[in-house]
Amino acid sequence: MTDIEKLELAAHRSDIIDDVNNLIEKYRAIFGWDVPDIDEDLANRLILNEVRQALDDIQNK
């Protein structure tokens with residue numbers, strides 16, 4: 001990756017983080033609908049692990 005790509009990525013890093021956080025919140029809300037008294041910390045970890053796996057799957061295509 002050249003310097004210009006690194007600079008462009010750095011400029012959007014906070015947007016990427018916000019998008020991932022919103023994705024985690026979206027799926028935690030879905031968990032909350034299906035599982036009463038959900039452990040939010042556990043749900044966040046489980047969802048984040050699935051996001052990581054999905055990213056690995058996409059990268060390895």
Side-chain angles (χ1 to χ4, degrees):
M1 186 179 333
T2 66
D3 288 339
I4 194 149
E5 283 92 353
K6 289 178 184 178
L7 288 172
E8 187 66 18
L9 183 60
H12 294 284
R13 182 164 281 118
S14 65
D15 293 332
I16 294 169
I17 291 169
D18 287 343
D19 288 344
V20 172
N21 279 325
N22 289 335
L23 188 65
I24 301 298
E25 289 177 27
K26 171 187 172 183
Y27 284 100
R28 187 181 58 228
I30 293 169
F31 269 49
W33 298 332
D34 295 337
V35 181
D37 300 322
I38 189 168
D39 179 340
E40 286 189 15
D41 291 333
L42 177 58
N44 288 348
R45 285 194 304 274
L46 292 171
I47 295 165
L48 193 53
N49 286 338
E50 287 301 316
V51 169
R52 282 189 183 111
Q53 183 61 53
L55 292 171
D56 289 344
D57 292 349
I58 292 166
Q59 185 174 22
N60 292 324
K61 276 187 175 180

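Nothing here was measured: the structure is a model prediction, and the numbers come from that model.
- Pairs passing the salt bridge (Lys or Arg N to Asp or Glu O under 4.0 Å) check and including a residue from residues 48-61, sequence neighbours excluded, do not occur.
- Taking Asn44 as the reference, Ile24, Arg28 meet the side-chain contact (heavy atoms from CB on, under 4.5 Å) condition, with sequence neighbours excluded.
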Cut-off 3.5 Å, no hydrogens considered: what does the side-chain donor-acceptor table look like for residues 7-18, sequence neighbours left out?
{"from": "Glu8", "atom 1": "OE2", "to": "His12", "atom 2": "NE2", "distance (Å)": "2.9"}

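- Within a 6.0 Å sphere centred on CD1 of Ile4, heavy atoms belonging to other residues, nucleotides or ligands number 12 at most.
- Within 6.0 Å of the CG atom in Asp37, the count of heavy atoms belonging to other residues, nucleotides or ligands does not exceed 12.
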